[in-house]
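Worksheet: one structure, shown below.
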Amino acid sequence: MSDTTLRPYQQAAREAVQAEWAAGRRRTLLVLPTGTGKTVVFAKIAEDCVRAGQRVLILAHRGELLAQAAEKLHAATGLRCAVEKAEQSSLAAPQRVVVGSLQSLCQPARLERFGPGRFGTIVIDEAHHAVSDSYLRILEHFSDARVLGVTATPDRGDLKNLGAVFDSLAYEYSLPRAIADGWLCPIKALTIPLKLDISGVAVTSGDFNAGQLGSALDPYLAQIAAEMAAVCAKRRTVVFLPLVDTSKKFREILTAHGLRAAEVHGDSPDRAEVLADFAAGRYDVLCNSMLLTEGWDCPAVDCIAVLRPTKSRALYSQMVGRGTRLCPERGKRELLLLDFLWLTERHELCRPADLLCTDRAVAKQMTVDLAEAGGPVALDEAEQRASQEVLAQREEALAKQLEAMRRRKKKLVDPLQYEMSIQAEDLAGYVPAFGWEADKPSEKQAAALEKWGILPDGVESAGKASLLLDRLQKRRDAGLTTPKQIRLLERYGFRHVGEWPFEAAKHMIDRIAAGGWRGVPAGVDPATFNAKEVSA
């Protein structure tokens with residue numbers, strides 16, 4: 001067994017997972033950004049389980065992930081793995097750790113070969129896929145096993161809840177924190193000033209339809225290639241595209257623009273050779289149709305072009321994550337993320353701001369700022385500036401709201417003043433008798449009180465609001481003064497205005513207004529004026 005030293009956050013993650021299991025939360029999640037060594041962490045956790053006498057099953061949905069897990073497990077711990085995949089069986093193998101193919105192991109006949117207690121711990125790599133029926137079938141079979149799900153991207157485009165599979169989130173290390181701590185390289189975003197219209201592309205299973213995206217993208221490929229030729233000539237660039245045919249076509253266009261471009265897809269016979277040549281610097285650009293989102297590491301990548309717009313933050317993060325690893329030996333200082341002006345009327349899509357921002361308002365402001373920058377901008381600086389701008393906007397909006405509330409309150413009558421003016425002892429001494437009456441006034445009641453001219457903030461209960469609204473309606477039906485009339489005339493010294501007829505109050509207010517609001521009309525004594533006598 002190896003004595004590999006874990007980074008501080010990796011050790012903290014290891015201990016957090018063990019703590020969750022010890023607390024009885026048997027299925028827990030670990031979230032680490034791409035490039036921060038999540039495989040090493042779960043390898044050391046698997047080593048802990050083996051030391052405790054358990055067998056461990058590491059599940060993944062792609063062969064590359066299985067090979068990567070086995071390789072890093074051996075490098076980090078010295079443990080070797082048995083394989084459960086296709087014709088390879090682990091049943092007779094002496095190894096305590098098995099790397100298993102999801103597609104093979106989920107088959108009922110194959111699964112039944114294993115006793116339910118065969119594995120004490122199951123590790124699911126790329127666990128954002130774990131809500132699928134295939135994974136659930138395996139977890140149900142080994143129902144007593146502890147489960148660790150490991151992912152860089154916990155949210156799913158199809159909106160299924162990982163909480164249906166996992167009991168807790170043991171540990172999360174964010175992308176901004178990893179960059180700030182120096183474990184991942186900084187990201188700069190460059191908005192390419194091309195307006196790419198995808199407004200007609202439909203959404204299928206929660207994301208943009210790949211076939212329609214390919215068709216929508218075709219007319220712009222030459223323009224994109226021309227822009228990239230000016231930006232990517234001295235960089236190691238990976239381009240993500242929606243279709244294999246689009247990827248092949250774009251490689252040809254890039255080559256015509258003077259870039260050394262290659263292309264790989266799932267059926268490429270020379271895929272390993274092409275990837276190796278790209279890593280060695282024999283190509284400038286590597287095009288692919290979503291093949292390289294998981295299970296492929298090339299630290300030298302220092303430019304990412306996402307030409308597969310997506311609504312899924314998980315998918316977007318995976319694409320960008322191919323370029324966030326450190327590579328000081330090549331002089332890599334940052335990742336350049338190329339962003340495009342996607343025109344879509346109906347749907348929001350992921351942009352560079354979504355890598356850092358959880359506040360949608362900040363993300364939108366940051367996207368606007370990046371588009372107006374005219375050059376590469378560090379994401380952390382752009383996020384900080386956007387946050388300050390949004391904060392200033394919110395403070396300004398709050399100030400306007402408070403001022404509007406002050407103006408509103410000046411126009412509204414305090415309910416206690418109104419009760420005294422109309423001598424409503426039953427309102428002033430009201431005590432709720434039933435539970436609903438003691439609740440706060442509803443939004444509907446508050447709106448109705450304000451419409452009548454009463455300040456709703458001073459009405460403490462739903463019962464009081466109901467009684468007050470009833471009284472207001474009865475006074476209107478009886479032709480008596482309104483709250484606003486009472487308040488205005490009382491300011492000029494008139495008494496018992498609550499008993500005045502509506503028309504008498506209106507007439508006096510009109511006379512005061514005609515005098516420019518400077519005071520009561522000549523010959524009128526507010527202290528002795530009797531509106532009832534005048535009306536009569």
Side-chain angles (χ1 to χ4, degrees), residues 33-35 174-196 220-221 223-241 250 254 257-261 281 283-287 298-310 313 316-343 349-357 362-390:
T34 299
S174 69
L175 176 66
R177 185 178 166 192
I179 294 173
D181 290 346
W183 299 114
L184 293 178
C185 72
I187 303 174
K188 286 187 176 181
L190 174 63
T191 301
I192 303 297
L194 291 179
K195 297 180 179 179
L196 313 180
Y220 304 102
L221 293 179
Q223 293 175 276
I224 296 170
E227 294 286 345
M228 288 182 59
V231 174
C232 304
K234 296 182 180 180
R235 290 184 176 270
R236 201 79 56 83
T237 304
V238 176
V239 186
F240 291 93
L241 297 116
F250 193 52
L254 288 170
H257 279 79
L259 290 170
R260 297 177 301 164
Y283 295 110
D284 303 311
V285 184
L286 181 61
C287 301
C298 181
V301 172
D302 61 357
C303 184
I304 295 290
V306 177
L307 291 178
R308 198 289 184 209
T310 178
R313 179 180 165 273
Y316 189 78
S317 298
Q318 287 170 332
M319 290 187 280
V320 176
R322 296 309 106 194
T324 54
R325 285 178 170 81
L326 301 174
C327 191
E329 61 273 17
R330 190 177 177 270
K332 178 179 177 181
R333 296 189 301 271
E334 82 240 347
L335 168 66
L336 182 64
L337 175 57
L338 304 185
D339 188 32
F340 298 86
L341 298 176
W342 303 103
L343 302 180
L349 51 86
C350 290
R351 309 290 293 274
D354 294 299
L355 295 169
L356 273 65
C357 301
V362 175
K364 289 181 179 180
Q365 183 62 50
M366 184 173 165
T367 298
V368 171
D369 292 347
L370 290 173
E372 295 175 350
V377 180
L379 283 193
D380 56 344
E381 296 176 4
E383 191 270 341
Q384 185 177 10
R385 182 166 57 252
S387 296
Q388 293 171 347
E389 290 171 340
V390 169

Can you pull the salt bridge (Lys or Arg N to Asp or Glu O under 4.0 Å) pairs that have at least one residue in residues 372-381, sequence neighbours excluded? none
[atom2] on [Y] to [atom1] on [X], rounded to 0.5 Å:
X	Y	atom1	atom2	value
Lys364	Met366	NZ	CE	15.5 Å
Leu336	Cys232	CG	SG	7.0 Å
Leu286	Phe240	CG	CZ	8.5 Å
Ile304	Thr237	CD1	OG1	8.0 Å
Glu227	Leu190	CD	CG	8.5 Å

Under the side chain to side chain donor-acceptor pair (under 3.5 Å) rule, collect the residues that match up with Thr367, sequence neighbours excluded. none
Please name all residues satisfying side chain to side chain donor-acceptor pair (under 3.5 Å) with Glu389, sequence neighbours left out, ordered by chain then number. Gln365
Listing request: all side-chain hydrogen bond (donor to acceptor under 3.5 Å, both in side chains) pairs with a residue in residues 185-195, at least two apart in sequence or in separate chains. none
My understanding is that only residues two or more places apart in sequence, or in another chain, count here; which of them pass side-chain contact (heavy atoms from CB on, under 4.5 Å) with [X]?
X	value
Gln223	Leu194, Tyr220
Asp284	Leu259, Arg260
Ala189	Pro352, Leu370, Leu379

Side-chain donor-acceptor distances from residues 321-334 under 3.5 Å, at least two apart:
residue : atom : partner : partner atom : Å
Arg322  : NE   : Leu292  : O            : 3.4
Arg322  : NE   : Thr293  : O            : 3.3
Arg322  : NE   : Gln318  : O            : 3.3
Arg322  : NH1  : Trp296  : O            : 2.5
Arg322  : NH2  : Thr293  : O            : 3.1
Thr324  : OG1  : Thr34   : O            : 3.3
Thr324  : OG1  : Gly321  : O            : 3.2
Arg325  : NH1  : Asp297  : OD1          : 3.2
Arg325  : NH2  : Asp297  : OD1          : 2.8
Arg325  : NH2  : Asp297  : OD2          : 3.4
Arg330  : NH1  : Asp302  : OD2          : 3.4
Lys332  : NZ   : Pro299  : O            : 2.9
Lys332  : NZ   : Val301  : O            : 2.6
Lys332  : NZ   : Gly323  : O            : 2.9
Lys332  : NZ   : Arg325  : O            : 2.6
Glu334  : OE2  : Arg235  : NH2          : 2.9

